[in-house]
There are 2 protein chains.
Amino acid sequence: MQGTRTRTASVAVTDSLIEAALAILEEAGLPGLTVRDVASRAGVAPMGVYSRFGSKDGLLEALFMYGFASLQAAIETPPTASPLTRLRTGCQGYRRFAIHNPQLYHLMFEQMLLLDLSPEAKDLAQRSFGTLVERVHAAMTSSELAGTSSTEVAQQVWSAMHGAVSLEIAGVHFATDRAQSFTAMLDALLIGMAPR
Amino acid sequence: MQGTRTRTASVAVTDSLIEAALAILEEAGLPGLTVRDVASRAGVAPMGVYSRFGSKDGLLEALFMYGFASLQAAIETPPTASPLTRLRTGCQGYRRFAIHNPQLYHLMFEQMLLLDLSPEAKDLAQRSFGTLVERVHAAMTSSELAGTSSTEVAQQVWSAMHGAVSLEIAGVHFATDRAQSFTAMLDALLIGMAPR
DNA sequence: ATAGATAAAGAACAATGTTCTATAAAATAA
DNA sequence: TTATTTTATAGAACATTGTTCTTTATCTAT
């Protein structure tokens, strides 16, 4: 008697695993994201995760990279007359991404960022930050922002944004209109960074 | 023949468990914080955690509350001539707490805050926020800050602080002097919130 | 001092990340 | 096309961890 095992085609299994993981992540959160469930949802055995990603952390890193690619797209906006306006629009995109993908955002910024990431993952994350630095630099050039180090100012803007969406995702918000409160905080920060 | 089990005295075992958990947390991080290791370090069996805290999450909630009590102490400062200065000093204390207890801060804000907490834990956290609201309110009364809702402004200040220390703890910082960058961000935000 | 109540020790259980092994599918060669 | 080698997957097995169960040492009240 021969075995009854069947083997699924190897085509695009990697993508299926990532898709399954993303779906489970947003549905059940990080604790619900088990290797078995991801593999099952993708129609493969748990081993499939290990042959393709090396470990569960490897899969999570793939989600991390997917997330930063999405974030990059969310903050990328066409040029406008005012560089500061373009920066503001990008910040709104940042919040939109976070609010629309709360579990993924949590994974990216509150889990993976604390772990040892591969150089590729770090590069990708840094590229997103680079976009923000560019916007800040442009606003400095147009004299809409003061200061000398666009990197340092960008870090401060990013910090404020991250803190705001992070607490909002956690359900810690005492303002009635959270989008408006986010914008108000950002406006205050940018006003305080304007030339005087 | 009688068993060779010994039973440790019940006095102050709860505190021993919390102390052990805090030590392991900062030494090995959240993944290293296992019930067995905590119990072992406290000199009791794993069951001790369950009889006293109900579950591992119960123990983590005790750490959460310990953390917020410490944070409360860190942001609590004596009155000064300028309410805004007092607010600023409290914010520096906030950062100091976070940087000195990075793993605990991570547990508090990036893990527990996302879970279902007991009313006691929520109250304690809200009390810390209340202190910040008071400082903001005082600065509004002295016309050093503008705006009508001290709660909303306090939330924005907290957001910015949290984002800054959160990224700093994660190792994401592009400024040379991080304490200075934190202060610079805070200054910009408070300037942007000043009456005009 | 004795009896009952309490809670802790240690074993056992369930779930999860990971590894191992047999083998089905694919790739290659003749 | 057929035979052989390689690859990667299915399913079982293993280690660790959160949790529960059972036995029994310790505590408390009389």
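We name chains A, B, ... by the order of the sequence lines, and we start the count at 1 in each one. Values reported hereafter were calculated over all heavy atoms of this structure, with side chains retained and with hydrogens, waters and symmetry mates removed.
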(request) Verify the contact: side-chain N or O of S51(B) to OP1 or OP2 of dA8(C), cut-off strictly under 4.0 Å; return yes or no. (result)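 It does, given that an N or O in the side chain of S51(B) lies less than 4.0 Å from OP1 or OP2 of dA8(C).
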(message) Using OP1 and OP2 only, check whether a side-chain N or O of R52(B) sits under 4.0 Å from dA7(C).
(response)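 So the side chain of R52(B) is outside the cut-off, no N or O lying under 4.0 Å from OP1 or OP2 of dA7(C).
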Nearest whole Å is fine: how far is [N] [atom2] from [X] [atom1]?
{"X": "E61(A)", "N": "dG17(C)", "atom1": "CD", "atom2": "P", "value": "17 Å"}
{"X": "D57(A)", "N": "dG17(C)", "atom1": "CG", "atom2": "C1'", "value": "10 Å"}
{"X": "I24(A)", "N": "dT16(C)", "atom1": "CD1", "atom2": "P", "value": "11 Å"}
{"X": "D37(A)", "N": "dT18(C)", "atom1": "CG", "atom2": "P", "value": "15 Å"}
{"X": "F53(A)", "N": "dG17(C)", "atom1": "CZ", "atom2": "C1'", "value": "16 Å"}
{"X": "L60(A)", "N": "dT18(C)", "atom1": "CG", "atom2": "C1'", "value": "14 Å"}

(request) Only one of V153(B), L84(B), V136(B) passes side-chain contact (heavy atoms from CB on, under 4.5 Å) with L190(B); say which it is. (result)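 It is L84(B); the other options fail the test.
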(request) State plainly whether the residues R41(A) and E27(A) are in salt-bridge range, i.e. N to O under 4.0 Å. (result)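 Yes.
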(message) Check this for me, if you would: do E76(A) and R135(A) make a salt bridge, where the nitrogen-to-carboxylate-oxygen distance has to be below 4.0 angstrom?
(response)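 Here E76(A) pairs with R135(A) in a salt bridge, since their nearest N and O are under 4.0 Å apart.
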(request) Take G54(B) and P46(A), find for each the nucleotide of DNA chain D with the closest heavy atom, and name the residue whose nucleotide sits nearer the 5' end. (result)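 The residue whose closest nucleotide sits nearer the 5' end is P46(A).
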(message) Can you work out whether G48(A) or R36(A) has the more 5'-proximal nearest nucleotide on DNA chain D?
(response)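 Nearest nucleotide further toward 5': that of G48(A).
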(message) If you assign M47(A) and T34(A) each to the DNA chain C nucleotide with the nearest heavy atom, which residue ends up on the more 5' nucleotide?
(response)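 Between the two, 5'-proximity favours T34(A).
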(request) Pick base, sugar-phosphate or nothing for L59(B), based on heavy-atom distances below 4.0 Å to the nucleic acid. (result)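 Result for L59(B) = nothing.
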(request) Looking only at side-chain atoms of Y50(A), point me to the closest of dA9(C), dG17(C), dG11(D). (result)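 Looking only at heavy atoms from C-beta outward on Y50(A), the closest nucleotide is dG17(C).
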(message) Please give me the minimum heavy-atom distance between G67(B) and L104(B), naming the atom from each residue.
(response)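 Heavy atoms only, the tightest pair is CA-CD2, 3.8 Å.
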